[in-house]
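Because the structure is a prediction, the values reported are computed rather than measured. Every heavy atom of this structure was used, including side-chain atoms; hydrogens, water molecules and symmetry mates were not.
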Amino acid sequence: MAIKGEKPSKRTTNPGVRVVGGRIYDSSNGKTCHQCRQKTMDFVASCKAMKKDKQCTINFCHKCLINRYGENAEEVAKLDDWICPLCRGICNCSFCRKKRGLNPTGILAHKAKASGLASVSMLLEVEGHDNFAYQKKPKLNDDSMEGSSGNSDSFSGTDVEVADVAKENKKVVGKSKKAKATHKLKEEIQFEAQLPQGISLNSVSGIVIPTDEAGNVFQLFEFCSAFGKALDLKEGQAETVVRELFSCGRNTRRQQYCSIIQLMIQLLDLISQDREMSLSLSVSDSSWFTALGEILLQSEVLSDVFPPETFKAGVAEYEKMDASRRLKLLNFVCDESLSTLAMRNCIKSQKSECKANDKVAKQKAAAAKEKEKQLKQKLQGDVAKAIMKKNGAPLSIEEHNAILSQIRAEAKEAHDEMMEAKGMAAGTTRICDARRTEPIMVEDNGLVLWKLNCYKEEPNFLLQDLGTFDGLWPHEKWLAFNPEQKPDIENYISYKRRKVMQT
């Protein structure tokens, strides 16, 4: 029954061999079961009754026969005088029940087994034929599914997909599932998740640091992690700088010129070349410190922390600074270097590389998906048909299960390959390292949850507490978590995202 304004769909008269829901359908060689009315390669028992000198043409598939009537199809098929339930007048399919003025029963195999009975037929005898009536759910097309599932118990634990289900029915089911999912989401959100208590961070990469310097340390680490290759930094150079700053202090003049000033000069040289400043920087004099003052003055950043006269006194003024002020200067130079042409090209190159990798991964995923599709068609078409053909004879239950196992194994292999390719695509679809790291979430109370590339300690989550903004500068704290707190953090993130979805 077509809907007004919509063309009736053309039904395929010969769809060939296909595997759906654990059953092998074959429009050419399959046999139709009277009970479930599906044309499959399932083993069937044929009626031996004679009607007007002709044998009855009714067949029952082995699943319907065992579930609905408690009879073994392979055993009764060997009998020369077996009579089908229809000829015996006990058929409980929807068509036959309607002819007798009864309603279809729906699927009752599970209820029969739960009641300790061997079949649906026995359940009807015990509890009465009038006590079971399958009520269809309201659908836009009432005739499209009539009789297709109201009487069949031919499948065990696997739903059989009917080919001619109307699109409108699918829409109704889809809306119902969406409504159930929304209701479930609301129930889950009622149980409010809490972020576990963090631990004050006083060491990073095994280096003891002041708790209020964690943010500055992470800023340096993230910069070196993103641009270390472009700047030709040695592995662990950022850690060496921080270790010299906070472990050695100001009293070891020899070490203070090793890492931090060398990195400072390297970045200052990059900036001066970009700005066409004719500077000759050396670690042995105060030329680098003077150049740093000029760049700082041009940027008008940190002028209240580092006034211009600071850099006129020479490198001796730098030697008086504590580790915190030195780290601030280094981070300033790192930020200034990002505006140079060389660093912008580096960012552009990383973005292009990420985009290219993403494209390759997506192509691999698409190829794997197409391969899976083609393999399914091959298995459900020529290969399956060649295995099953047997001159049109039905398969035994053992043969049927063996073919299904082979098809499922090969299809699973193709599906796993596709999922692996999809995983590669998902892994490359990320923001490249050169771009600014974004927090996982920002709370209204000043809490910011991070997952930084430079922080490798489990559980890899960091909490930034910005506190209140009463003063000119917020007093921030960084907190870490224990490995056993990871599930609680992940539950909290999921809870917050579900809450956003609901709103």
Side-chain angles (χ1 to χ4, degrees), residues 21-113 115 117-134 145-156 158 160 162 388 390-401:
R23 305 188 79 181
I24 302 172
Y25 293 78
D26 189 339
S27 55
S28 299
N29 300 320
K31 290 192 176 182
T32 303
C33 171
H34 174 77
Q35 185 80 32
C36 63
R37 292 186 286 283
Q38 303 298 312
K39 196 171 187 179
T40 69
M41 291 298 292
D42 290 358
F43 184 86
V44 297
S46 301
C47 182
K48 305 295 183 2
M50 302 298 291
K51 294 182 179 180
K52 297 180 181 180
D53 298 327
K54 291 183 180 180
Q55 184 176 325
C56 176
T57 58
I58 295 298
N59 300 309
F60 280 81
C61 72
H62 70 95
K63 289 184 179 180
C64 285
L65 201 59
I66 191 69
N67 288 330
R68 301 290 295 194
Y69 306 98
E71 299 180 37
N72 186 295
E74 290 185 321
E75 291 178 2
V76 301
K78 297 176 183 177
L79 302 176
D80 296 330
D81 57 350
W82 182 72
I83 301 175
C84 70
L86 175 62
C87 294
R88 279 181 272 164
I90 62 169
C91 181
N92 54 46
C93 77
S94 60
F95 282 174
C96 292
R97 281 180 64 87
K98 284 180 180 179
K99 286 181 181 178
R100 298 199 299 269
L102 299 170
N103 290 319
T105 65
I107 299 173
L108 290 178
H110 301 299
K111 182 174 178 63
K113 290 177 181 177
S115 303
L117 301 173
S119 65
V120 173
S121 181
M122 192 175 292
L123 177 68
L124 296 174
E125 291 294 332
V126 172
E127 299 195 14
H129 288 263
D130 296 333
N131 292 328
F132 297 97
Y134 171 73
M145 285 286 288
E146 184 171 347
S148 63
S149 63
N151 62 77
S152 172
D153 284 282
S154 61
F155 55 93
S156 54
T158 306
V160 178
V162 182
M388 296 185 301
K390 287 181 57 181
N391 297 322
L395 298 169
S396 68
I397 297 173
E398 185 178 349
E399 290 171 328
H400 177 275
N401 292 337

My understanding is that only residues two or more places apart in sequence, or in another chain, count here; which of them pass side-chain contact (heavy atoms from CB on, under 4.5 Å) with Ala133?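 Expected list: Asn103, Gln135.
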Summary of side-chain hydrogen bond (donor to acceptor under 3.5 Å, both in side chains) pairs that have at least one residue in residues 48-57, sequence neighbours excluded: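 Passing the test, one end in residues 48-57: no pairs.
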Work out which heavy atom in [X] is nearest to a heavy atom in [Y]; give both atom names and the distance.
X     : Y      : value
Ala77 : Phe43  : CB-CZ, 3.9 Å
Ile66 : Ser119 : O-CB, 4.2 Å
Phe60 : Leu65  : CB-CD1, 3.9 Å

Tyr25 side chain to Gly30 backbone, donor-acceptor under 3.5 Å: no
Stepwise, does the side-chain contact (heavy atoms from CB on, under 4.5 Å) test hold for Thr105 with Arg68? CA-CA 11 Å; Thr105 65; Arg68 301 290 295 194; 2.9 Å; yes
Taking the side chain as every heavy atom from C-beta outward, state whether Tyr134 and Ile107 have any atom pair closer than 4.5 Å.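 A side-chain contact under 4.5 Å is absent here.
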Is the closest side-chain heavy-atom distance between Lys113 and Asn67 below 4.5 Å? yes
Derivation of the side-chain contact (heavy atoms from CB on, under 4.5 Å) call for Cys91 and Gln35: CA-CA 8 Å; Cys91 181; Gln35 185 80 32; 4.3 Å; yes
Counterpart residues, side-chain hydrogen bond (donor to acceptor under 3.5 Å, both in side chains), relative to Ser46 (two or more places apart):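 Asn59.
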In chain order, what residues pass the side-chain hydrogen bond (donor to acceptor under 3.5 Å, both in side chains) check against Glu125, with sequence neighbours excluded?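 Glu125 satisfies side-chain hydrogen bond (donor to acceptor under 3.5 Å, both in side chains) with His129 only.
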Is there a side-chain contact (heavy atoms from CB on, under 4.5 Å) between Thr40 and Lys63? Walk through the geometry before answering. CA-CA 12 Å; Thr40 69; Lys63 289 184 179 180; over 6 Å; no
When you measure from the centre of the six-membered ring of Phe95, is the NZ or CZ of Arg37 closer than 6.0 Å and no more than 45° off the axis?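 So Arg37 does make the cation-pi contact.
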If you measure from [atom1] on [X] to [atom2] on [Y], what distance do you get to the nearest 0.5 Å?
X      : Y      : atom1 : atom2 : answer
Leu117 : Ser115 : CG    : OG    : 5.5 Å
Leu124 : Asp130 : CG    : CG    : 10.0 Å
Leu108 : Ser121 : CG    : OG    : 11.0 Å

Mind checking ring pair (Phe, Tyr, Trp, His ring centres under 6.0 Å) for Phe132 and listing every partner two or more places apart, or none if nothing turns up? none
Please tabulate, for side-chain N and O atoms in residues 78-90, each donor-acceptor pair with protein atoms closer than 3.5 Å (sequence neighbours left out).
unit_1 : atom_1 : unit_2 : atom_2 : d
Trp82  : NE1    : Glu71  : OE1    : 2.9
Arg88  : NE     : Ile83  : O      : 2.8
Arg88  : NH1    : Glu71  : OE2    : 3.1
Arg88  : NH2    : Glu71  : OE1    : 3.4
Arg88  : NH2    : Glu71  : OE2    : 2.8
Arg88  : NH2    : Ile83  : O      : 3.0

